Amino acid sequence: GTGSAIYGENEKGEKARAGGLGYLFSDEGSGFWLATQTIRLAIKEQDGVIKNVGLERLVLDYFKVKRIRDLTTPFYNGKVSRDEIASFARTVHDEATNGNKVLLEQIRFGANCLVDNVMSVANRLQFIDKFDVVGVGGMFQGDLMRNNFIELLAEKVPKANFKMPRFKPA
């Protein structure tokens with residue numbers, strides 16, 4: 001959880017992966033990534049570097065802090081977990097669904113990174129025929145991420161067939 005990775009196997013049993021190197025290096029498209037991107041942009045908004053589109057307020061309200069520093073310092077000190085940060089992605093997704101263009105762009109960028117990773121894995125495994133891509137994880141539960149991913153996948157990797165896993169209830 002709280003990361004992203006693309007993994008594939010071909011009929012010869014060869015395996016390839018892209019991404020999946022953790023939140024510091026390679027998790028574009030994950031919930032943690034979307035949450036931290038939003039926090040980064042909220043800091044820029046707070047500092048007057050970018051136009052105010054409500055990101056600072058979104059962060060402050062969600063985490064119930066007065067300043068963004070009241071979130072970042074506890075994160076660095078281990079008092080706020082990656083899971084807690086990642087849970088903010090649902091709120092970010094909802095705000096994008098309500099029309100926040102900056103967040104819509106971030107979700108599209110994340111979906112595009114995931115599709116580029118699928119394309120890389122498919123090329124390395126020399127997929128010739130149609131193949132399935134299964135979207136697992138919380139970000140695919142969100143319509144915007146899932147729909148952007150499906151659209152970009154169809155455009156960039158037309159041999160790919162997107163599927164969502166079916167889990168049996170416990």
Side-chain angles (χ1 to χ4, degrees), residues 1-6 19-76 78-118 133-157 160 162-170:
T2 73
S4 69
I6 304 299
L21 296 174
Y23 72 94
L24 284 178
F25 303 108
S26 177
D27 78 338
E28 295 89 343
S30 74
F32 183 81
W33 172 85
L34 181 61
T36 57
Q37 283 298 102
T38 303
I39 294 166
R40 283 183 189 101
L41 291 168
I43 291 166
K44 290 183 181 304
E45 191 179 272
Q46 181 181 59
D47 291 344
V49 175
I50 64 171
K51 180 181 167 188
N52 185 333
V53 295
L55 303 182
E56 177 186 7
R57 178 57 36 211
L58 190 69
V59 170
L60 297 178
D61 289 350
Y62 181 83
F63 290 102
K64 297 176 178 54
V65 294
K66 291 183 182 178
R67 302 171 308 165
I68 294 176
R69 180 173 304 285
D70 297 334
L71 169 65
T72 57
T73 300
F75 175 77
Y76 288 126
K79 294 177 182 170
V80 173
S81 71
R82 288 193 319 261
D83 287 339
E84 289 174 275
I85 298 290
S87 70
F88 178 48
R90 184 176 304 251
T91 297
V92 172
H93 189 277
D94 291 345
E95 188 70 15
T97 300
N98 291 331
N100 186 306
K101 291 180 182 174
V102 171
L103 298 178
L104 285 166
E105 289 172 8
Q106 290 303 306
I107 289 171
R108 183 139 180 109
F109 178 83
N112 192 58
C113 289
L114 292 173
V115 168
D116 285 347
N117 284 348
V118 169
V133 172
V134 180
V136 178
M139 287 305 295
F140 285 110
Q141 301 304 312
D143 291 339
L144 288 176
M145 177 58 85
R146 185 179 58 253
N147 292 341
N148 273 283
F149 181 82
I150 290 168
E151 176 189 329
L152 291 163
L153 188 67
E155 178 185 309
K156 291 182 161 191
V157 193
F162 181 77
K163 291 185 171 190
M164 288 287 290
R166 294 187 182 192
F167 297 106
K168 294 179 183 177

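It should be emphasised that the depicted structure is a prediction, and the values quoted were computed from it without experimental measurement.
The ring-ring contact (aromatic ring centres under 6.0 Å, His included) search around Phe63 returns Phe88, not counting sequence neighbours. Listed by chain and number, the residues in a side chain to side chain contact (heavy atoms under 4.5 Å, CB included) with Ala96 are Leu103, Leu104, Ile107, Leu144 (sequence neighbours excluded). Partners of Ser81 according to the side chain to side chain donor-acceptor pair (under 3.5 Å) rule, which considers only residues two or more places apart in sequence or in another chain, are Glu84. Asn112 is linked by a side chain to side chain donor-acceptor pair (under 3.5 Å) to Lys156, counting only residues two or more places apart in sequence or in another chain. Taking Ala5 as the reference, Arg17 meet the side chain to side chain contact (heavy atoms under 4.5 Å, CB included) condition, with sequence neighbours excluded. With sequence neighbours excluded, the residues that form a side chain to side chain donor-acceptor pair (under 3.5 Å) with Gln37 are Arg40, Gln106. When the side chain to side chain donor-acceptor pair (under 3.5 Å) test is applied to Asn52, no partner is found at least two apart in sequence or on another chain. Under the salt bridge (charged side-chain N to carboxylate O under 4.0 Å, His left out) criterion, Lys163 pairs with Asp132, not counting sequence neighbours.
Distance check: Ile43 CD1 to Thr38 OG1 gives 11.0 Å after rounding to the nearest 0.5 Å. Annotation: the span from Tyr23 atom OH to Ser30 atom OG amounts to 12.0 Å, rounded to 0.5 Å. Atoms CG and CE, on Leu114 and Met139 in that order, are 8.5 Å from each other to the nearest 0.5 Å. With rounding to the nearest 0.5 angstrom, the CG atom of Leu153 is 8.0 Å from the CZ atom of Phe162. With rounding to the nearest 0.5 angstrom, the OG1 atom of Thr36 is 8.0 Å from the CH2 atom of Trp33.
Within the structure, every pair that satisfies the salt bridge (charged side-chain N to carboxylate O under 4.0 Å, His left out) test and touches residues 63-75, not counting sequence neighbours, is listed here: Arg67-Asp70. Screening residues 133-155 for side chain to side chain donor-acceptor pair (under 3.5 Å), with sequence neighbours left out, gives Arg108-Asn148, Arg108-Glu151, Asp143-Arg146. Each side chain to side chain donor-acceptor pair (under 3.5 Å) pair with one or both residues in residues 89-104, not counting sequence neighbours, would appear here, but there are none. Residues in residues 42-57 take part in these salt bridge (charged side-chain N to carboxylate O under 4.0 Å, His left out) pairs, two or more places apart or across chains: Arg57-Asp61.
Smallest separation of non-hydrogen atoms from Gly3 and Asp27: CA-CB, 3.9 Å. Residue Phe75 comes nearest to Val80 through the heavy atom pair CD1-O, 3.3 Å, listed as atom of the first residue, atom of the second, then distance. In this structure, Ala89 and Gly31 approach most closely via the heavy-atom pair CB-O, 3.4 Å. Listed here is the closest heavy atom pair of Pro165 and Val136: CG-CG2, 4.0 Å. Across Glu28 and Cys113, no two heavy atoms sit closer than the pair CB-CB, 3.6 Å. Residues Ala86 and Ala35 approach most closely at CA-CB, 4.3 Å, considering heavy atoms.
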